[in-house]
Amino acid sequence: MTSWQPVIGFEVHIELATNSKMFCGCPADHFGKPPNTQTCPVCLGLPGALPVPNAKAIEWCIKLGLALGCQINLTSKFDRKNYFYPDLPKGYQISQYDQPFCHHGELLGHKITRVHLEEDTGKLLHQAGKTLIDFNRSGVPLVEVVTEPDFESVQDSDVFLKELQSIIRTLKISAADMEKGSMRLEANISVRPTNSADLPNYKVEIKNVNSFRFIKKAIEFEITRQSRLLESGVNPKQETRGFSETKGETVGQRSKEAAHDYRYFPEPDIPPIQFTTEQIETWRSQLPKLPSRIRQDLLNLGLSENYVKIIAADEKMFNEFMKKPSKANADSIVNKRPSKSESSFPSSEDTRSVAERVIAANPKAIADIKAGKIQVMGFLLGQIKKELGNIDVPLTQKLINVIIASC
Amino acid sequence: MNKLSLIHARDGLKKRKFSSVELVKSCLDQIVKHDKKIHAFLHINSEALSQAQKADVTLPLGGIPVAVKDNFLTIGMPTTASSKVLDEYLPHYESTVTQKLIEAGAIILGKTNMDAWAHGSSTETSDYGSTKNPWNTDYLPGGSSGGSAAAIAADMCTAAIGSETAGSIRQPAAWCGATGFKPTYGRVSRYGVIAMASSTDSPGPITKTVEDAALLTQIIAGHDPFDATTSPLPVPTYSISMHLRAKHLRIGIPKEYLDVMQPEAKKLVLEAVNKLTELGHKVEETSLIHPKYSIGVYTIVQRSEVSSNLARYDGIRYGRDRTYFGDEAKRRIMLGTYALSSGYYDQYYSKAQKLRTLIIQDFHSAFHKYDLLIDPASPGPALKVGATANEPMFGEMQDVLVEPSSIAGLTGVSIPCGFISGLPISFGLIGTQFSESLVLQIANQFQLATNWHLQKPNI
Ligand SMILES: [Zn+2]
């Protein structure tokens with residue numbers, strides 16, 4: 001029997017936490033703001049409006065590229081990516097095509113193809129049979145990191161993505177929060193026989209997954225699904241799939257009839273951008289100590305791998321430790337940890353996933369709650385508590401309601 | 001009073017010979033009397049007289065009525081670019097150019113007719129009907145800034161603003177016997193101008209004299225934080241620098257350009273050239289890349305940019321739906337979409353950009369030898385109304401002589417130099433980027449020595 005090996009690559013989008021948007025003066029922080037309160041002629045695509053690039057966003061994109069070991073193009077430009085969608089007010093997205101700011105990097109042994117800068121789109125809100133558009137997010141700076149398809153395991157992928165998030169947070173260029181959408185993952189997955197070196201002739205794209213846990217699950221699910229298809233002699237279809245959190249499965253999305261032709265061409269409203277080597281080196285010298293360096297330093301100071309993992313992941317703990325870098329201080333910092341109240345609850349992501357499992361295992365509870373028997377809520381909360389220990393009860397209750405409403 | 005040039009009107013206002021209200025009123029009267037026939041305006045500013053009452057004549061353009069092409073966004077006045085897609089569209093913000101005019105004290109008299117989306121050289125593609133040439137209403141005014149040029153020729157305003165992508169200021173100015181000045185690409189902000197071809201669009205004045213053009217340009221030019229393609233170079237005081245007496249300039253006449261001209265018009269242009277020689281300049285024949293190659297380059301680049309620039313008019317956020325696009329816009333969208341499509345990009349867009357670079361280099365070497373080049377705006381006089389029917393490449397053929405300089409982002413002027421059967425003929429000068437002062441100087445020397453620009457049509 002053939003054994004199968006996955007071939008995985010990633011596209012990661014990161015919303016930058018600059019003060020203003022990519023091409024206008026509107027605030028870039030759009031999360032939770034009333035719809036269409038942070039817009040202007042530029043990000044609404046009004047007649048005659050022109051984009052002026054945000055220098056801070058360019059600097060941050062290049063700093064991320066440098067942190068990922070990329071080469072920097074001294075001459076770069078923006079391009080127009082033309083396509084129609086109601087959340088794209090100009091009918092094109094300003095992005096970078098053949099001269100991205102950064103290219104040819106490497107992180108944890110995986111190749112980074114490119115790191116480029118573009119603008120985010122608006123958001124569609126479907127309400128009572130109508131579709132509304134919120135343009136607060138339109139034009140928010142978005143960095144796209146593209147890797148080569150050189151991941152061969154889910155574990156590798158997971159470590160890589162978490163390291164990337166940690167670098168972004170260390171650079172303080174984005175909260176890189178997946179639930180709030182400031183970090184978004186897309187995975188390309190295909191499967192080939194273990195002894196083959198060729199890239200498969202198809203790839204499946206997984207989109208709109210908003211947690212590390214779910215991307216892991218989605219990849220695992222895909223590997224199994226595609227291997228089974230191949231074993232039965234069927235070549236998997238090239239397609240885009242989403243991930244159903246309740247089913248724990250990937251689901252085919254409506255396939256586009258033809259490949260998109262984005263008709264890229266150089267953005268005539270923005271002149272090409274030139275950098276000097278001195279400018280790039282100045283930015284490189286401003287990079288903070290990156291997670292890998294921090295971990296190495298901690299190891300060199302004689303800390304155990306377990307302590308290094310805990311302390312390196314938390315800026316506050318790290319700073320506290322560095323004030324007095326001794327084993328005793330490390331002990332006291334790590335042992336003080338559980339007393340911090342905000343970290344005593346599991347993350348809402350974990351809670352949600354357990355809640356989904358518990359609800360799925362108790363179909364009667366869904367019907368009961370829908371019928372108004374709210375005492376069943378207590379039972380569900382108890383089940384979840386059993387798995388997670390201490391839980392944030394109001395949050396968990398809210399999650400249960402959301403999950404049941406979508407059942 | 002409405003016949004006065006900008007410089008003279010300004011002088012009269014400052015010396016209190018007449019008031020801004022009287023000046024504005026004389027223009028409005030002229031519009032009421034003749035615009036049914038000429039159709040230069042799409043919209044008249046209903047506040048013009050009350051604004052004139054409050055005019056501060058100490059400002060550089062205090063109390064001066066200026067007509068503005070309808071692709072400049074103006075708060076409180078509809079802005080349609082002559083397309084029914086934007087029928088009655090009221091802008092939310094002011095274009096940089098009109099903002100600067102208002103700050104300089106000008107009164108925006110109204111919005112002038114143009115080819116829809118500036119697609120054309122006749123105003124015949126306007127969804128609101130074409131403008132007629134004040135010299136003979138059986139003839140076209142040229143375009144796309146045809147309304148502004150006709151308004152100047154018919155003395156319906158003191159000065160006017162147009163925009164040029166390739167010839168859209170200089171060609172209608174030529175056909176209407178006005179002075180048309182195209183500043184260097186990036187000299188005047190495009191913010192708030194409905195985009196046609198972003199890489200060549202250049203706002204500029206259409207006026208009665210070169211002096212007027214200099215004054216208006218110095219007010220509207222300059223770096224704009226809202227337009228990344230504007231130059232940070234300081235703006236000279238053109239109204240002063242244009243009076244510097246440059247002598248013994250070396251001026252080249254590209255023979256390939258003269259070859260494209262109609263014989264009678266060519267004769268008048270050569271007479272104008274003699275005048276320049278009399279003024280002490282050295283004019284000699286030279287050779288440039290034939291302007292016919294620019295048609296292909298310009299057509300591909302412009303259609304490509306148009307297809308993308310018009311994508312925002314989807315009727316979702318504002319304006320009407322896409323069925324309101326006219327035939328010319330649809331043709332351009334289709335051709336541009338095709339030229340940018342995968343598999344064709346290298347063959348068309350990419351090749352056009354390479355040729356564009358060659359044309360720019362050709363001008364570079366020409367400007368090593370010459371201070372200025374002769375470049376007539378049009379091969380001949382105005383054509384008859386209806387001439388564009390079934391001529392999808394009408395504009396490109398009419399603008400063949402100004403397309404190379406537009407593609408290269410140069411500055412150029414078009415000034416009257418004679419008449420053929422009662423229709424004006426113009427010649428033009430082009431200079432290297434940011435040589436506005438020099439172009440204006442020589443054009444002014446010519447106007448001081450001739451009176452072609454002072455002729456008025458009998459309307
Ligand atoms: Zn904005």
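Chain letters run A, B, ... following the sequence lines, proteins first, then strands; residues in each count from 1.
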Qualifying residue for side chain to side chain donor-acceptor pair (under 3.5 Å) with B:S308, from A:E267, A:K81, A:R80: A:R80

Contact winner vs chain B - A:G45, A:C40, A:G91, heavy-atom pairs under 4.5 Å: A:G45

Under 4.5 Å from any heavy atom of chain A - which part of B:Y89: side chain

B:S350 versus chain A, the contacting section by heavy-atom distance below 4.5 Å: neither

Region of B:D227 that comes under 4.5 Å of a non-hydrogen atom in chain A: both

Distance-only donor-acceptor check, side chains A:Y92 and B:R312, under 3.5 Å: yes

Interchain contact, A:F23 with chain B, by part (heavy-atom threshold 4.5 Å): neither

Interchain contact, B:P225 with chain A, by part (heavy-atom threshold 4.5 Å): backbone

Residue B:F72 versus chain A: region with a heavy atom under 4.5 Å: neither

Polar side-chain atom of A:D261 near backbone of B:S342 as donor-acceptor pair, under 3.5 Å: yes

Toward chain B, the part of A:P53 with a non-hydrogen atom under 4.5 Å: side chain

Which portion of A:I133 sits near chain B, non-hydrogen atoms under 4.5 angstrom: side chain

B:Y345 (side chain) donor-acceptor with A:F265 (main chain) under 3.5 angstrom: no

Side chain, backbone, both or neither of A:N82 within contact of chain B (heavy atoms, under 4.5 Å): side chain

